[in-house]
Amino acid sequence: GRSVPRWALTSHPQVQRALLELTVSLETLHEVKGHMLEAMAKGLSQQTHEEATVHMLPTYVCSTPDGTEKGEFLVVELRRRHVRTLWVTLPGDGNQNLQLKDQLFDMPEDIMQGKGEALFDFIAQCLCQFLDGAGLSNPQQRLPLGFVFPFSCRQTRLDQARHSQQGARPVQHRVPTARPCSPQGELIAWSKDVRCSDVEGHDVVQLLQAAINKQERYQVDVVALLNDTVGTMMSCSTEGMPCEVALLADTGTNSCFMAEGCHVEIVEETSGRMCVNTEWGSFGDDGALSSVLTPYDQSVDQESQKPGHQRFEKLIGGLYLGEIVRHVLAKLAAEGALFSGTAAPALGTKDVFKTQQVLEIIDDEAGLAAARNTLQALGLAPSEQDCCHVQQVCRAVVTRAAGLCAAGLAAILSYMCRSRELERLKTNVAVDGTVYRGHPRFGEILHRITKLLAPECTVTLVPAMDGGGRGAAMVTAVALRLAAQRRELDQILAPLRLSIADLQRVQALMRREMDLGLNKETNAQSSVRMLPSYVRNTPDGTERGDFLALDLGGTNFRVLVVHVEKEGVRMASEIYAIPQAIMQGTGEALFDHIIDCIIDFQQKQGLTGQVLPLGFTFSFPCRQLGLDKAVLLNWTKGFSASGCVGNDVVQMLREAARRKQHTGLDIVAVVNDTVGTMMSCGYDDPSCEIGLIVGTGTNTCYMEEMQNVGTVEGEEGRMCINMEWGAFGENGCLDDIFTDFDRMVDEKTINPGKQRFEKLISGMYLGEIVRYILLALVEKHILFRGKPAPKLQTRDIFQTKFLSTIEIGADGPRCACSDGLALRQVRGVLHELELDASFEDSVLVREVCQTVSLRAAQLCAAGMAAVVEKMRESRGQTQLAVTVGVDGTLYKLHPRFSQHLQHTLRELAPKCFVTFLQSEDGSGKGAALVAAVQCRLAQAQGQQ
Ligand code: ADP
Ligand code: MG
C-alpha cells in the first residue's frame with residue numbers, strides 16, 4: 001500500500017484536521033471533472049448558455065498557426081498596471097526566427113478607475129509613442145494590430161472567413177473584401193480590480209480603433225481581439241504538433257481549447273473548429289463545488305470584492321492562495337496549535353500572506369527557511385515545528401489548487417476526445433501564469449492528476465512563452481492568413497457559384513435548344529438533339545410475358561431475363577465487364593463480345609434454345625427510325641469503337657449473332673436508358689413521364705405532344721423524346737458558365753468540345769473538376785501549406801465517389817452532426833491520395849466538393865425546369881404534377897445531390913410539382929417493358 005503521508009505524522013490534531021479539510025480525494029476530483037463537463041455543455045448549448053456559470057465564449061479564432069504565417073504585426077496588451085506594445089515580425093519559416101520589439105508603459109493608477117475614454121486614449125498614445133521610436137520606413141503603411149484584452153468579452157466575429165459557408169440556396173457571387181472584417185467584443189464585466197466607466201457593454205475594439213484614429217498619426221487596423229489565454233495557446237503551437245488547449249494559473253485562472261464548430265451553438269457555424277474561452281473561473285458559482293469548499297474558502301470569499309462569484313478561481317488563482325493559507329494559519333493560531341499558543345494578530349490582516357511566499361515555502365530545499373522569514377516578517381516567532389506545519393499547509397493548498405486545475409483540464413480533454421470521436425487524444429497543452437511558474441510542484445501535480453482523471457488522453461504540458469505578446473501576434477497573423485486564404489478561395493470558387501439569375505438563363509437556353517431541336521428545319525442548329533424514341537405509350541400494367549434485356553451504355557454491361565407477371569416484375573441478371581480495349585477497339589469486336597455474353601447468360605439461366613423478345617438499352621445518342629432501328633450518332637462516356645457511328649445498332653447486333661451462329665434473338669426494341677428508366681418507374685406510377693439519368697453521364701427524356709415533334713410524321717398522342725441533353729452547350733451557348741477548370745477537364749477527355757453540359761454534372765467528371773481546383777489551390781499555397789501534391793497530378797485519381805464520402809455529414813442538423821467524423825472521412829480520402837491534410841485543409845477540400853456538387857445539381861435542375869415548364873405549357877395547364885423516374889449512382893449515392901436538385905427546381909419552376917422516383921434497375925427492366933408494351937400493342941392489333 002501507500003506510505004502514510006508525512007503530515008499524518010504531525011502531533012497536532014488541529015493541524016491534521018486542517019490538512020484533511022484541504023485534501024481533495026481522487027474520487028472527489030472525478031466528481032469535479034464531471035460537474036465541469038456538465039457546466040461546459042451548458043455553456044455551449046444555445047438554450048442554456050445565458051444562465052451557465054462557465055460561459056464558454058466563442059473567440060472566433062478558428063485555426064492554430066501552421067508555420068506559414070508571415071509579416072509584421074502590432075500588438076497592444078492591456079495589463080492590470082501596464083500597457084505593453086509590441087512589434088512582431090514573422091518570417092514565415094515556421095516561426096523559428098520570430099523577431100520582437102516591445103515597450104512597457106506604466107499606467108497611472110487613476111486611469112484604471114476613471115473614464116473609459118481616458119483609458120483608450122492612453123493606450124493609443126502609448127502606441128503612437130512606441131511607433132514614433134520604431135523607425136518606420138513608411139509611416140503611411142497600414143499596420144494590422146492584435147489587441148490583448150484580458151477581460152470577459154462577448155465576441156461576435158474575427159474575420160469573414162467563417163461567414164461564407166454556402167448553404168443549399170444558390171448563392172450570389174460574393175465580392176471578396178480586401179481585409180478581414182474587424183472583430184467585435186463587448187465587455188461583459190470588468191474584473192481584477194479594474195473599474196473604468198462607460199466600457200461595460202461596449203465594443204472595446206471600436207473604442208480602441210476610435211482612440212487610435214483620433215490621434216491621426218498612424219494607419220492601424222485592429223484585426224484581432226483576444227484574451228491572454230488564447231494568446232497562450234497560440235504561442236505554443238509548433239508545426240506538426242498543434243497546441244489546442246491552454247491553461248492559465250495566474251492571478252486568476254482560465255482556459256481555452258479548440259472546440260468542434262458544430263458544438264459552439266451560439267455561433268452560426270457548423271464546420272471547422274473554434275477556440276472557446278471557457279471563463280472557468282466562475283465554475284462552482286451555482287454550488288457545484290460545495291464538496292470541496294472549506295470554511296477557509298468561505299472566509300476568503302466573504303472578504304473578496306465579489307462574494308459568491310468566481311468560486312473556482314478563488315481556489316486556484318494567485319490572488320487567493322495566500323489568503324487561504326492566512327485563514328488556515330489564523331484559525332490554527334487561535335486554537336493554540338501554532339506559535340506555542342501565543343496570539344498572532346498579524347494574521348488577521350488581509351493580504352499579508354502572499355501567494356509568492358506560499359510558492360517559496362513549499363520548496364523542499366529552501367522552503368522551511370522561507371517559512372521562517374515570512375513568519376518573522378509578520379512579527380511572529382515560529383518554532384522549527386511551526387515552520388513545518390506552515391509548509392504542510394502551504395503544500396496542501398497548492399496541491400489542492402493543482403488538483404482542481406487538473407480536474408478542469410481533464411474535463412476539457414475528455415470533452416475534446418469524445419466530441420472528435422477519437423479513442424485517444426494526443427495534444428499539447430500550453431500552460432502559463434504566476435502560480436504555475438512559481439514552483440515546479442504545481443505543474444508536476446497538474447500533469448500527474450490529469451493523467452489519472454483523463455487516462456484516454458496523452459498530454460504534454462508546454463510552458464508558454466509570452467502568450468500576450470508572441471501569441472497575440474500569432475492570432476493576428478492567423479486571422480490575416482485565413483482572411484487572405486478565404487479571399488483567394490472565394491476568387492477561385494466564385495465562377496462556380498451560380499446565382500438564381502444564372503440558372504434562369506441556363507433554363508431559358510435549354511428551352512430554346514429544345515424548341516430548335518424539335519423543329520425539323522432548325523434541328524441541326526440545336527446542341528440538344530431531341531431524338532424521337534418511337535415509344536408512344538407508358539406501361540398500363542396489363543403487360544405480361546418473359547423478355548430478355550441488354551443494358552449497354554455505362555460502367556457495366558448487363559444481360560437480364562425479365563418476367564412480367566400479374567404479381568409484378570421478377571428478374572435475374574449477370575454483369576459483364578467491357579474491357580477498355582473493347583470499348584475503344586472495333587465495332588465488330590464490341591458486338592461479338594456482347595453476343596458471347598448473351599450466350600453465356602442463356603446457358604447459365606437455362607434459356608438456351610428459347611426465343612424471347614429482346615429489349616436493348618443502348619445509352620448513346622441514336623437517331624431512331626423505328627422502335628427497332630437506331631443509328632448511332634456518336635459515342636460518349638469513354639466509348640469509341642470504330643465502324644459504328646452512322647450504323648444501325650440493331651443491325652450490328654444481328655450481324656454479330658450471325659457471325660457467332662446464334663439464332664435465338666428477337667430484337668423488338670432499342671431504347672435509351674432514360675427511356676428505360678421512365679418506363680420502369682411508369683409501371684409503378686402512371687404519372688411518370690420523365691426519365692433522368694445522373695450516373696457516368698447525364699441525360700433526360702420526357703413525353704412530348706406529337707404535334708410539337710416536327711421530326712416525326714403524325715399529330716396524335718405523345719412520343720417519348722430522348723433529349724441527349726448531355727450535349728447541351730456544344731454550340732457555345734454555355735460558354736460563359738464554363739470555368740477554367742471545366743475547360744481543362746474537357747480538353748483531357750476523348751471527346752473535347754462535346755457533351756459540355758454532361759461534363760459539368762455527371763460522375764465521370766465531377767472528381768476531375770475537384771482535382772483541378774485542388775491543384776490550383778495547392779499552387780496558390782492555400783492547401784497543404786504549399787507543399788506539392790504530386791499524386792494529384794494523376795488523371796481521375798480524385799474519384800467522384802470521394803465527393804459523396806467527403807460530403808456525408810456536412811451541413812447536417814446541428815450537433816446531431818458529427819463534424820469530427822465527417823472531417824475525418826475527408827482526411828481519410830486525402831490520406832489515400834498521399835496528401836497530408838491538416839484540419840483546415842479538410843474543411844477547404846470539403847467546401848470545394850460542396851461547391852462542385854451543388855453546381856452540378858443546380859444545373860441539372862435548370863435543365864429539368866425547362867422540361868417541366870415546357871410540358872406544362874404544351875398541355876395548357878396552370879399547374880403540372882409529374883413524376884421523374886431517376887437512375888444513376890451519383891444521384892442515388894451522393895448525400896446532397898437530390899436535395900439540391902429538388903430545392904432548386906422548386907425555385908425555378910414554381911408552378912410544377914415534381915416527384916422524383918428512384919428506379920430499381922431501370923435500364924434493364926425498362927427495356928423489357930418497352931418490349932412488353934410493344935408485344936401487347938401488337939397482340940391487340942392482331943386481335944382487331
Ligand atoms: P452508368 O451511368 O454508367 O450506368 P452508374 O449509374 O453506376 O453507371 O454511375 C457510375 C458513376 O457513378 C461513375 O462515374 C462514378 O464516378 C459514380 N459514382 C460511383 N459511386 C459513387 C458515389 N458513392 N457517389 C457519387 N458518385 C458515384
Ligand atoms: Mg446506368
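No hydrogens, no waters, no symmetry mates; every other heavy atom, side chains included, goes into these values. Just so you know, ligand 1 is whichever comes first in the structure, and atom 1 is the first atom listed for that ligand.
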J.: Looking at Phe738, I'd like to know if the NZ or CZ of Arg756 sits under 6.0 Å from its six-membered ring centre while staying within 45 degrees of the ring's axis.
T.: yes
J.: Would you call Glu704-Lys870 a salt bridge at under 4.0 Å N-O?
T.: yes
J.: Check ligand 1 against Gly888 and write out every atom of the ligand that is under 4.0 Å from a heavy-atom position of the residue.
T.: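 Contacts of ligand 1 toward Gly888, numbered from 1: 6 (O).
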J.: Atom 23 (N) of ligand 1: which of Thr800, Leu893, Asp673 has the nearest heavy atom?
T.: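 It is Leu893 that holds the nearest heavy atom.
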J.: Test side-chain hydrogen bond (donor to acceptor under 3.5 Å, both in side chains) on Asp673 and Ser923 and set out the steps.
T.: CA-CA 5 Å; Asp673 53 352; Ser923 28; 5.7 Å; no
J.: Mind checking whether Met764 contacts ligand 1 via backbone (N, CA, C, O), side chain (CB onward), both or neither, at a 4.0 Å heavy-atom cut-off?
T.: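 The answer is the backbone of Met764.
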J.: Could you tell me the separation between the CD atom of Glu724 and the OG1 atom of Thr674, rounded to the nearest 0.5 Å?
T.: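 Between atom CD of Glu724 and atom OG1 of Thr674 there are 7.0 Å.
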J.: What do you reckon, does Thr889 have a nitrogen or oxygen under 3.5 Å from a nitrogen or oxygen of ligand 1?
T.: yes
J.: Is any side-chain heavy atom of Arg855 less than 4.5 Å from a side-chain heavy atom of Thr739?
T.: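 Result yes, sub-4.5 Å side-chain heavy-atom pair found.
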J.: Considering Gly638, Ser853, Gly763, Ser619, which one's heavy-atom position lies nearest to atom 17 (C) of ligand 1?
T.: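 Result: the heavy atom closest to atom 17 (C) of ligand 1 is in Gly763.
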J.: Polar contacts were defined as any N/O atom of the residue lying under 3.5 Å from an N/O atom of the ligand; does this apply to Thr696 and ligand 1?
T.: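 So ligand 1 has an N or O lying under 3.5 Å from an N or O of Thr696.
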J.: Angle class for the Trp635/Phe620 ring planes (parallel below 30°, perpendicular above 60°, tilted otherwise)?
T.: perpendicular
J.: Give yes if a backbone or side-chain nitrogen or oxygen of Asn556 is under 3.5 Å from a nitrogen or oxygen of ligand 1, and no if not.
T.: no
J.: Compute the ring centroids of Phe741 and Tyr772, then answer whether they are less than 6.0 Å apart.
T.: no
J.: Short list, please: which atoms of ligand 1 are under 4.0 Å from a heavy atom of Gly695?
T.: 2 (O), 6 (O), 9 (O), 11 (C)
J.: Considering only heavy atoms of Ser804, which atoms of ligand 1 have at least one such atom less than 4.0 Å away?
T.: 22 (C), 23 (N), 24 (N), 25 (C)
